[in-house]
Structures are given as C-alpha cells and as structure tokens.
Amino acid sequence: MPSRGQVGEPADGMLEDLDAAALAYAERLDGATPAEAGESRERLIRYCLPFAGRLARRYRGRGEHLEDLEQVARLGLVKSIDRYDPRRGSFTAYAVITISGELKRHFRDRTWGVHVPRRVQDLSLEVGHASMLLTGVLSRAPTTGELADRLGVPEAAVLEAVESAAGHSPASLNAPVAGDGATEFGDLLGGLDAELESVTDKLTVTDLLLRMPARERRMLAMRFYGNRTQAEIADELGISQMHVSRLLSRALTWLREAMLSDSPPHWAGGSRGGRPGMQVVVARAGGALAVRVRGEVDRDTAQRLRAGLRQAINSAGVRSVLVDLTAVPLVDAAGVSVLLDAVQAASAARVDFGVTGAQPYVTRILAVSGLAGVLRRA
C-alpha cells in the first residue's frame with residue numbers, strides 16, 4: 001500500500017486503497033502551490049484509473065465499445081476527484097456514484113438512435129442486464145414474468161422496455177441487402193400509394209362543391225359523408241324523397257360534367273352559394289300577362305312565386321295570365337300548391353290562367369297533380 005506521502009501505482013494483484021489516497025491528496029493540497037496541486041491531482045488520477053476501468057467493464061456487452069466506456073468512466077473519475085470533499089464521507093462511494101452516473105448518462109444520451117423517455121431507457125438497460133443474469137442462472141432465456149419479478153415492475157413495463165430497445169440501434173436504410181449488393185434495405189420498404197393519383201381529383205371536387213348552392217352541398221355531404229338515406233335527407237330538409245333523388249342526380253351530373261371540362265358548366269338550378277335562387281319576370285301586352293319563371297320552384301321559393309302570381313292575377317285590366325316554365329327544371333309539392341292556388345284565384349277573378357313550356361318531368365308532375373287542364377303547348 002502506498003504511503004500518504006507518495007501515491008503510486010498499485011502492486012500487481014492488489015486493489016488500490018482509494019480512500020487513503022484521496023485523504024493524502026486532500027492533505028497535500030493545504031498550502032500547496034498551483035503546480036504542486038496539479039501534480040498531485042495527476043498522480044491521484046493515474047492511481048485511480050484501474051478502478052474506473054473495472055466500473056466501465058460492468059457495462060460492456062450493451063452495444064458500446066469498451067474503449068468508449070473507459071473514456072466515459074475516466075471522465076467521471078476526474079469529476080469525482082475535482083468535487084471530492086473529505087468531510088462528506090468516503091471517496092470510493094462518491095466515485096462509484098459519479099462514475100456510474102456518467103456511464104448511465106452516456107447510454108441514455110449518446111447511444112440511442114431514436115429518442116425514448118428516460119424512464120423507458122433506464123428500464124431497458126436494467127432488463128438487458130437482468131436477462132443476462134437470469135439466462136446464466138436458468139440456462140435458458142427468461143420469460144417476461146420472470147424479468148418482471150426480478151426487477152419488481154409490471155409485465156407491461158418489461159414489454160415496453162423490450163420493444164423500445166429496438167430504437168437503440170435502428171437499422172440503416174442504406175444498409176445493403178444480404179446477397180444483393182445493389183439493393184439497399186430502404187428499397188424494400190414502402191410502395192406505390194394507390195390514392196396518390198386521386199389527389200388532384202379530390203382537390204378539383206372540393207373546388208367544384210364550393211360553386212354549388214348550399215343546399216346541394218349539404219345533401220351531398222349527408223349522403224356520401226354522413227351515409228344518410230334519401231328518406232332521412234328528405235325528412236330533415238322537409239321535402240319529398242323524389243325531390244331529394246332528383247336534386248342528387250342533377251348535382252352529380254353537374255359534377256361529372258365539370259370534372260371532364262376545362263371550365264365548369266352553368267348551374268341550371270339557380271344561384272350559386274347561399275339560398276337557391278328563382279327569378280320571376282312579368283311582361284304585359286294589353287290585357288295579357290306573361291310570367292317567366294327561372295329556377296326551381298320548391299319550398300324555399302314557392303312563396304315568392306305565389307305572391308307574384310296573385311299580384312299578376314289581381315292586376316287591373318288583366319284578362320289572361322300565362323306562366324312560362326321553360327327554365328324551370330323542378331317543381332315540388334310546394335310549387336304545385338302555388339299553381340293550384342293560382343288556378344283558384346284566376347277562376348275567382350275570371351282570368352284565363354295557363355302554363356306553357358313545362359319540361360317533360362315537370363309536365364308529368366303537374367298532370368298527376370290535377371293541373372293538366374292548364375297546360376298549354378308552346
């Protein structure tokens with residue numbers, strides 16, 4: 001054992017007395033010049049190097065080179081010497097804690113290819129160490145339950161630690177595939193995205209939907225995004241199922257034509273955005289009034305048409321009123337009610353009332369609703 005006056009290398013086969021060497025070092029610092037203090041520090045570091053090496057070897061076999069671990073342990077040794085205070089207890093115990101902390105910090109911060117929580121990192125290292133110990137004792141690989149019992153943690157925590165261990169040294173995507181030097185590992189991952197070609201179509205449809213009236217957009221969303229039936233849509237909107245079917249068919253037809261053309265076609269159902277539009281233009285020639293209607297006649301627009309027809313029928317000197325439905329693609333139950341009311345009002349005012357230009361679909365609706373008698377040929 002070296003004397004307190006001179007600290008040298010430990011003899012072969014003997015362990016160094018770190019506490020005695022550290023106390024002697026602390027005594028020599030009292031009244032020593034900076035040069036003497038530096039020399040004593042270097043001598044104590046060399047004396048403790050074998051001790052740091054033994055601590056480093058405890059962590060070998062965990063994916064790090066022993067030389068790197070020894071360097072980290074020596075750094076911890078230097079820190080423990082520089083921070084040592086004899087009044088706080090044993091230098092050996094303090095050095096073990098400091099060096100072990102540096103080694104664990106190295107594994108946590110420098111060796112993981114993928115960042116995982118510190119708790120999982122520490123547990124992963126403990127699971128690896130416990131697995132090696134139990135393998136030697138049991139002569140087989142330990143089970144998850146045996147590892148959990150050894151470490152005193154739940155099995156779920158052990159499984160999480162084992163799974164996270166794969167992030168310690170992830171495989172390189174540029175690693176060559178065995179047997180084929182021209183192919184890299186990354187070439188075997190992924191594949192063609194079948195939905196990639198539809199991205200442009202989806203963006204186009206999104207823009208076209210914004211050009212449609214709010215009601216049609218709502219119906220399409222309820223039908224194809226909400227998976228609602230036509231009957232459910234009709235109940236919520238307060239219209240007939242036939243009306244819903246007609247509107248959906250027209251909207252899909254318009255979308256299909258717009259997708260295939262460079263510029264969107266004209267929307268025949270009325271104004272775009274907001275409330276569906278309807279235009280009523282009245283032209284008078286003597287005692288005859290011509291009422292031209294453009295757009296849909298449904299629950300949203302029926303009252304406007306009712307007011308316009310009543311005003312036309314009750315105008316002074318009017319003998320006949322002819323309603324032109326050439327630009328009307330649809331008349332629902334509310335629209336039929338308006339025309340029936342107009343027929344009654346015209347009869348009471350002794351005004352001839354007729355409807356002309358109705359499209360085939362509208363003509364069938366008016367005929368089955370009792371308005372066949374007011375239909376006129378263009």
Test side-chain contact (heavy atoms from CB on, under 4.5 Å) applied to Ser131 and Leu147, step by step: CA-CA 7 Å; Ser131 179; Leu147 289 172; 4.2 Å; yes

Worked check of side-chain contact (heavy atoms from CB on, under 4.5 Å) between Arg105 and Val72: CA-CA 10 Å; Arg105 187 179 298 108; Val72 175; over 6 Å; no

Shortest non-hydrogen separation from [X] to [Y] and the atoms involved:
{"X": "Gly295", "Y": "Val328", "value": "O-CG1, 3.4 Å"}
{"X": "Glu216", "Y": "Ala251", "value": "CG-CB, 4.3 Å"}
{"X": "Ala312", "Y": "Val318", "value": "O-CG2, 3.7 Å"}
{"X": "Leu44", "Y": "Ala21", "value": "CD1-CB, 3.8 Å"}
{"X": "Ala161", "Y": "Ser124", "value": "O-OG, 3.6 Å"}
{"X": "Ala327", "Y": "Val293", "value": "CB-O, 3.8 Å"}

If I take atom [atom1] from residue [X] and atom [atom2] from residue [Y], how far apart are they, to the nearest 0.5 angstrom?
{"X": "Gln279", "Y": "Arg292", "atom1": "CD", "atom2": "CZ", "answer": "12.5 Å"}
{"X": "Leu247", "Y": "Met212", "atom1": "CG", "atom2": "CE", "answer": "9.5 Å"}
{"X": "Asp68", "Y": "Leu103", "atom1": "CG", "atom2": "CG", "answer": "11.0 Å"}
{"X": "Leu18", "Y": "Tyr47", "atom1": "CG", "atom2": "OH", "answer": "6.5 Å"}
{"X": "Ser240", "Y": "Ile365", "atom1": "OG", "atom2": "CD1", "answer": "8.0 Å"}
{"X": "Thr144", "Y": "Asp149", "atom1": "OG1", "atom2": "CG", "answer": "11.0 Å"}

Under the 3.5 angstrom rule, does the side chain of [X] hit a backbone N or O of [Y] as a donor-acceptor pair?
{"X": "Asp341", "Y": "Ser337", "answer": "no"}
{"X": "Thr363", "Y": "Ala358", "answer": "yes"}
{"X": "Ser100", "Y": "Val96", "answer": "yes"}
{"X": "Ser369", "Y": "Leu371", "answer": "no"}
{"X": "Gln311", "Y": "Gly308", "answer": "no"}
{"X": "Ser80", "Y": "Leu77", "answer": "yes"}

Stepwise side-chain contact (heavy atoms from CB on, under 4.5 Å) check, Glu70 with Arg57: CA-CA 8 Å; Glu70 289 178 345; Arg57 284 191 289 274; 4.1 Å; yes

Side-chain ion pair, [X] and [Y], N-O less than 4.0 Å:
{"X": "Glu160", "Y": "Arg119", "result": "yes"}
{"X": "Glu146", "Y": "Arg140", "result": "yes"}
{"X": "Glu36", "Y": "Arg28", "result": "no"}
{"X": "Arg43", "Y": "Glu39", "result": "yes"}

Answer yes or no: does atom [atom1] of [X] have more than 12 heavy-atom neighbours from other residues, nucleotides or ligands under 6.0 Å?
{"X": "Arg150", "atom1": "CZ", "answer": "no"}
{"X": "Glu236", "atom1": "CD", "answer": "yes"}
{"X": "Arg319", "atom1": "CZ", "answer": "no"}
{"X": "Met259", "atom1": "CE", "answer": "yes"}

Considering only heavy atoms from C-beta outward, does the side chain of [X] approach that of [Y] to under 4.5 Å?
{"X": "Thr253", "Y": "Arg250", "answer": "no"}
{"X": "Arg54", "Y": "Pro50", "answer": "yes"}
{"X": "Thr326", "Y": "Gln359", "answer": "no"}
{"X": "Leu252", "Y": "Phe224", "answer": "yes"}
{"X": "Arg228", "Y": "Arg223", "answer": "no"}
{"X": "Val244", "Y": "Met219", "answer": "yes"}
{"X": "Trp254", "Y": "Leu208", "answer": "yes"}
{"X": "Leu123", "Y": "Leu151", "answer": "yes"}

Transitively linked via ILVMFWY side-chain contacts under 4.5 Å: [X] with [Y]?
{"X": "Leu375", "Y": "Leu322", "value": "no"}
{"X": "Met132", "Y": "Leu134", "value": "no"}
{"X": "Val78", "Y": "Tyr94", "value": "no"}
{"X": "Val282", "Y": "Ile313", "value": "yes"}
{"X": "Phe91", "Y": "Leu75", "value": "no"}

Name of the residue among Val355, Leu305, Val362 meeting side-chain contact (heavy atoms from CB on, under 4.5 Å) with Val331: Val362

Sole candidate of Val338, Leu339, Val297 that passes side-chain contact (heavy atoms from CB on, under 4.5 Å) when paired with Arg306: Val338

From CA spacing to verdict: side-chain hydrogen bond (donor to acceptor under 3.5 Å, both in side chains), Asp324, Thr356: CA-CA 5 Å; Asp324 186 356; Thr356 184; 5.4 Å; no

side-chain contact (heavy atoms from CB on, under 4.5 Å) assessment of Leu66 paired with Tyr59: CA-CA 8 Å; Leu66 180 59; Tyr59 292 85; over 6 Å; no

